[in-house]
Protein chains: 2
Amino acid sequence: MTEPRWLTDEEQRTWRAYLHATTLLEDHLDRQLQRDAGMPHVYYGLLVQLSQAPRRRLRMTELAKSAKITRSRLSHAIARLEKSDWVVRENCPSDKRGQFARLTDEGMEVLRRTAPGHVAAVRQAMFDRLSAEQMTQLGEIMRVMAEGLEPSGPDADLPWLR
Amino acid sequence: MTEPRWLTDEEQRTWRAYLHATTLLEDHLDRQLQRDAGMPHVYYGLLVQLSQAPRRRLRMTELAKSAKITRSRLSHAIARLEKSDWVVRENCPSDKRGQFARLTDEGMEVLRRTAPGHVAAVRQAMFDRLSAEQMTQLGEIMRVMAEGLEPSGPDADLPWLR
DNA sequence: GACTCGTTCTTGAAAGTTGAACTACATAGG
DNA sequence: CCTATGTAGTTCAACTTTCAAGAACGAGTC
């Protein structure tokens, strides 16, 4: 095994700043939403996805994919959200294995009530502090990073071809 | 209640790119470390912190602070790491309430063995894909964001003065 | 039909996390 | 010394996530 390429000093500083900022922000949003909406950030994200889908519903697998969580995790999450009456399951007529998760009116109402506070938190943490230039740069950087990590990324399905 | 300031289109795109990239990366590192080192990213971070501390040990509270997790979570985490013999607890002579977490030789060895792979993963996900300029920008952006979220941030201790 | 294989989603147990309550010690003021 | 108050760390119960099955259906093949 050959000597690994370690990070330069500046790379290390950047990496630590990244870890620091992202964990602080995730914590902040989790607490904010837990307090104001009674659910963690991930669950809130599920409701948002549903609210934007046609007929406010999505197949479980699609929802899992767009929220980047496993189907198992989603099953539990939807079960929990069903208990709060924010989501209901519906059978899929065309595929008897399939399930839709549909946002209820109560769920929609929770979103309406809590979205402003959430947006404010995001804005305060990010956009109020970054220049317009920095926002653009951040967007570009994040897109580049995501590209390299995409499950459907470069040869992700064909590693044996490399 | 007044109409909230929603995000502009570009802000939304940036925010989504951010969420997308950060969750993908965190997932990626978690899997990589779980596979190669047998522990999640947070736990790995604890070992790294310890490895860099004098005498490879830290007080629980300090470790919790530098890893940005609660003391409760740290208690459980250290208990788990103790079972793998990567960390041991030691009493603090000067403060009988205190505990040190100390990295064992086995723990150090795990780090030595797995650090190269981890660095490679970070590099591949981030630094191999960003230009030198972008890396600098990212560092600056993350520092700005962290500043605003710092527990010891602007008036965090004196909110009643605002 | 019967077989195989893949997909969709769920389940249950184990592991991890959280917030509050709790123990034990430290520190300051009378 | 004594009491009050604060700090270090753990523990408990409730909740969330992961992991390893597994049940049920779809689709292709013979």
Side-chain angles (χ1 to χ4, degrees), chain A residues 23-24 26-47 57-84 86-102 151 157, chain B residues 23 26-35 37-47 57-84 86-102 151 157:
Chain A
T23 65
L24 283 181
E26 185 56 23
D27 272 26
H28 183 64
L29 295 183
D30 256 341
R31 281 176 217 294
Q32 186 262 323
L33 283 171
Q34 190 68 58
R35 176 167 48 81
D36 298 347
M39 64 188 133
H41 190 200
V42 192
Y43 288 30
Y44 182 88
L46 295 177
L47 298 194
R57 60 181 210 175
L58 282 172
R59 287 287 295 271
M60 295 294 277
T61 296
E62 291 195 50
L63 182 50
K65 246 183 276 183
S66 73
K68 288 168 271 302
I69 63 178
T70 62
R71 284 190 303 266
S72 170
R73 185 176 175 182
L74 182 61
S75 273
H76 291 295
I78 293 296
R80 197 272 215 186
L81 291 171
E82 246 183 331
K83 277 190 200 161
S84 311
W86 294 335
V87 167
V88 287
R89 282 179 222 248
E90 287 174 357
N91 293 324
C92 176
S94 65
D95 186 338
K96 289 187 183 174
R97 297 166 303 181
Q99 289 278 102
F100 285 102
R102 186 170 63 75
D157 294 332
Chain B
T23 65
E26 184 57 21
D27 272 26
H28 184 63
L29 294 184
D30 257 342
R31 281 177 216 295
Q32 187 261 319
L33 282 172
Q34 190 68 59
R35 176 167 49 81
M39 63 189 134
H41 190 200
V42 192
Y43 288 32
Y44 181 88
L46 295 177
L47 298 195
R57 60 181 209 176
L58 282 173
R59 288 287 294 271
M60 295 295 277
T61 297
E62 291 196 53
L63 182 50
K65 246 183 276 183
S66 74
K68 286 167 272 301
I69 63 179
T70 62
R71 285 188 304 257
S72 170
R73 185 176 177 182
L74 182 61
S75 273
H76 293 293
I78 294 296
R80 198 271 217 185
L81 290 172
E82 247 184 330
K83 278 190 200 161
S84 312
W86 295 334
V87 168
V88 286
R89 282 179 224 249
E90 286 174 354
N91 293 323
C92 176
S94 65
D95 186 338
K96 290 187 182 174
R97 297 166 303 179
Q99 290 276 102
F100 285 102
R102 186 171 61 76
D157 295 331

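If you're wondering where the values come from, they're calculated on a predicted model, not measured in any experiment. First the proteins, then the strands, lettered A, B, ... as listed; each starts at 1.
Around the NZ atom of K65(B), the shell of radius 6.0 Å holds no more than 12 heavy atoms that belong to other residues, nucleotides or ligands.
In this structure, the side chain of K83(B) does not engage the main chain of L81(B) through any donor-acceptor pair within 3.5 Å. Although no hydrogens or angles enter the test, the distance criterion places no donor-acceptor pair under 3.5 Å between the side chain of D30(A) and the main chain of P40(A).
Under the 4.5 Å side-chain criterion, counting only non-hydrogen atoms from C-beta, I78(B) is in contact with M60(B). The closest side-chain heavy-atom distance from R89(B) to F100(B) is not below 4.5 Å. For the pair R59(A)/D95(A), a side-chain contact is recorded, criterion being any heavy-atom separation below 4.5 Å from C-beta on. W86(A) has its side chain within reach of R80(A): a pair of non-hydrogen atoms, C-beta onward, lies under 4.5 Å apart.
Contact of H76(A) with dT18(D) (side chain to base): a donor-acceptor pair of N or O atoms is detected under 3.5 Å.
Computed from coordinates, the M39(A) CE to dA14(D) C1' distance equals 18 Å when rounded to whole Å. The distance from atom CG of L81(A) to atom P of dT17(D) is 10 Å, rounded to the nearest whole Å. Rounding to whole angstrom units, CZ of residue R31(B) and C1' of dC19(D) are separated by 11 Å. Following rounding to the nearest Å, E26(A) (CD) and dT16(D) (C1') show an atom-to-atom distance of 14 Å. Taking atom CD of residue Q34(B) and atom C1' of nucleotide dT18(D), one finds them 9 Å apart after rounding to whole Å. In this structure, NZ of K65(B) is placed 11 Å from C1' of dT7(D), rounded to the nearest angstrom. One can place CD of Q99(A) at 12 Å from C1' of dC25(D), the figure rounded to the nearest angstrom. Separating the CG atom of D27(B) from the P atom of dT17(D) is a distance of 12 Å, rounded to the nearest angstrom.
Along DNA chain C, the stretch of nucleotides lying under 4.0 Å from any heavy atom of chain A spans, 5' to 3', dG6(C) to dG19(C).
Listed nucleotides: dA20(D), dT11(D), dA8(D). Nearest to the side chain of S72(A): dA20(D).
Within the structure, a side-chain polar atom (N or O) of R73(A) is placed less than 4.0 Å from OP1 or OP2 of dT18(D). Taking only side-chain nitrogens and oxygens, R59(B) comes nearer than 4.0 Å to OP1 or OP2 of dG9(D).
Residue R89(B) is in sugar-phosphate contact alone, with no base atom involved, counting any heavy-atom pair closer than 4.0 Å across all strands shown. F100(B) comes within contact range of no nucleotide atom at all, as no heavy-atom separation falls under 4.0 Å.
Between L74(B) and R97(A), the one whose closest nucleotide on DNA chain D sits nearer the 5' end is L74(B). Positionally, the nearest nucleotide of DNA chain C for T61(A) lies more toward the 5' end than for the other of T61(A) and D95(B).
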